[in-house]
Each structure stands twice: as C-alpha cells, then as structure tokens.
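All of these numbers come straight from a predicted model, not from anything done at the bench.
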Amino acid sequence: MSGIEELVGSLEKLMSRGKVMDEYNRSGKGEIFILKYLYMKESPASPSELSEALNSSTARISAALGTLEKKGQIHREIDTTNRRFVLVTITEDGRERIRANIDRMRSHLIQVFTEMGEEDAREFVRLSKRFFEVAQRSRPDICE
C-alpha cells in the first residue's frame, strides 16, 4: 500500500469515527439542511430546488417539509405567478432553530481550535482550503 493510500485510509477512519463527525455530516442533511438553505438564500425555494441542492429525492424533501411545516419552521404556499408550483419560506421559528444550530457548531469549532492552539488551527484551515481547491479542480462535477 502506498503512503497516499494509507493516508486516505486514515482519513476515512477518522471521518467515520464517533458522534462528532456524525453531527457534522448530519447538519448537511434533512431538516437542518433545508432550513439552512432557506436561511442563507433569504428567498423562497421550490421543493424541486431543495431536492436538487440536497441531492435527495423529492419524496424525502416532501416528507421533511411536512415535518418542518408541522413544527412551524417553514411555510408552503402556491406560487402566484404559476399556480402549479409551491414555494417554501422559512418562518421566524425556523430562523431561530438554524441560528441556534449555527451558534452551537461555531462554539464547538472555537472550543476545538482553542484546544488545538492557534498555530495548528491555522495550519488545519490552510490545508483544508488547499484540499478543497484541489478536489474541486479534479472533480468539478461533484464539488459544486
């Protein structure tokens, strides 16, 4: 096994280990993803737009939207310019939930970076940027 293959194996083990990575991975899926997408977009989105952005089935998005609507975190309404389409808007309750989620994640990153020390944290960020730049160049089809 080459040194690079060994490093890939080590990274795969790290990323599949424990609840910390699960939490980071889960933040990009389901309800939180939908809320964060709507929060960052700052305008309504169609379920098909959400499905494409999440790379998930429309059925899965529809189920998540139903749950979010019951919780009062999104609102669905018929598009007035084309009555065949539905537009999804985040509510204030949804904004509060996503702000709390962002704050929790940021606080945790601050805690981790503090424990790592500023020099190691800067190096981690520098190498992460480099990793994503190379990954995007080599596979722009999956790194949009």
Side-chain angles (χ1 to χ4, degrees), residues 4-118 120-144:
I4 295 294
E5 289 172 335
E6 186 178 326
L7 289 170
V8 168
S10 294
L11 182 61
E12 287 172 341
K13 284 179 187 172
L14 281 172
M15 295 191 72
S16 66
R17 187 174 74 179
K19 292 183 178 183
V20 171
M21 288 310 299
D22 285 348
E23 179 66 21
Y24 284 104
N25 291 333
R26 199 172 23 258
S27 72
K29 307 232 186 293
E31 293 179 16
I32 293 295
F33 172 83
I34 291 168
L35 291 174
K36 189 169 187 180
Y37 185 87
L38 293 169
Y39 181 83
M40 301 303 268
K41 185 177 181 207
E42 298 181 350
S43 63
S46 68
S48 60
E49 178 184 342
L50 293 167
S51 174
E52 186 176 315
L54 179 57
N55 195 25
S56 184
S57 71
T58 53
R60 181 170 175 208
I61 294 297
S62 182
L65 291 176
T67 301
L68 286 168
E69 192 168 39
K70 286 177 187 168
K71 293 177 179 178
Q73 296 173 356
I74 59 124
H75 176 69
R76 289 188 276 193
E77 61 187 319
I78 303 292
D79 184 346
T80 56
T81 61
N82 186 340
R83 297 191 56 77
R84 293 179 295 162
F85 294 110
V86 171
L87 294 175
V88 181
T89 308
I90 190 169
T91 65
E92 190 52 40
D93 284 350
R95 288 180 192 288
E96 286 177 26
R97 180 178 176 191
I98 200 62
R99 280 191 292 258
N101 179 271
I102 290 168
D103 288 347
R104 264 193 322 276
M105 297 294 273
R106 183 175 177 78
S107 291
H108 187 244
L109 283 174
I110 289 169
Q111 178 185 354
V112 169
F113 282 180
T114 299
E115 191 169 324
M116 287 174 68
E118 187 173 344
D120 285 349
R122 284 186 185 284
E123 184 68 0
F124 172 78
V125 171
R126 184 188 72 76
L127 290 171
S128 295
K129 284 180 184 176
R130 176 89 172 107
F131 173 86
F132 287 110
E133 288 168 359
V134 172
Q136 187 167 8
R137 266 198 321 273
S138 65
R139 288 293 306 268
D141 58 316
I142 62 170
C143 298
E144 296 176 344

Problem - Euclidean distance, R126 CZ relative to R122 CZ, rounded to 0.5 Å - result: 12.5 Å

Exercise for the section: For side chain to side chain contact (heavy atoms under 4.5 Å, CB included), just list the numbers for L65 and L50, CA-CA rounded to whole Å, side-chain angles, deciding distance to a tenth of an Å, and then say yes or no. Expected result: CA-CA 10 Å; L65 291 176; L50 293 167; 4.0 Å; yes

Problem - Pair R137 + E133: basic N to acidic O under 4.0 Å - result: no

Completion exercise
Distance col, row L35:CG vs I102:CD1, nearest 0.5 angstrom, shows 10.0 Å

Practice task
Mind jotting down which residue pairs meet the salt bridge (charged side-chain N to carboxylate O under 4.0 Å, His left out) criterion with at least one end in residues 46-59? Sequence neighbours excluded, please.
Solution key: K41-E49

Problem - Backbone of S56 reached by a side-chain donor or acceptor of S51 within 3.5 Å - result: yes

Problem - Carboxylate-amine/guanidinium contact E96 R99, below 4.0 Å - result: no

Exercise for the section: Flag yes if more than 12 heavy atoms outside E92 fall under 6.0 Å of its CD atom; otherwise flag no. Expected result: yes

Exercise for the section: Please check if the side chain of S128 supplies one atom and the backbone of F124 the other of a donor-acceptor pair under 3.5 Å. Expected result: yes

Exercise for the section: For a salt bridge (Lys or Arg N to Asp or Glu O under 4.0 Å) with E31, tell me which candidate from K36, R60, R97 qualifies. Expected result: R97

Problem - L127 atom CG, neighbour heavy-atom count above 12 within 6.0 Å - result: yes

Exercise for the section: Mind checking the CD-CZ spacing from E77 to F85? Nearest 0.5 Å is all I need. Expected result: 15.0 Å

Fill in the blank from the handout: Rounding to 0.5 Å, atoms CD1 (I90) and CG (L68) come to a distance of 8.5 Å

Problem - Any T58 side-chain heavy atom under 4.5 Å of P47 side chain - result: no

Exercise for the section: Begin with the C-alpha distance, continue with both residues' side-chain angles, and end with the deciding distance and a verdict on side chain to side chain contact (heavy atoms under 4.5 Å, CB included) for M105 and N101. Expected result: CA-CA 6 Å; M105 297 294 273; N101 179 271; 4.0 Å; yes

Handout entry: Heavy-atom check, side chain of L38 versus side chain of T89, under 4.5 Å
Key = no

Handout entry: pair Y37-L54: side-chain heavy atoms closer than 4.5 Å
Key = no

Handout entry: R95 atom CZ: more than 12 heavy-atom contacts under 6.0 Å
Key = yes

Handout entry: side-chain hydrogen bond (donor to acceptor under 3.5 Å, both in side chains) against R84, all qualifying residues, sequence neighbours excluded
Key = N82

Handout entry: Interatomic spacing from CD1 in I74 to CG in D93 - rounded to 0.5 Å
Key = 12.0 Å

Exercise for the section: List in chain and number order the residues that pass side-chain hydrogen bond (donor to acceptor under 3.5 Å, both in side chains) with S48, two or more places apart in sequence or in another chain; answer none if no residue qualifies. Expected result: S46

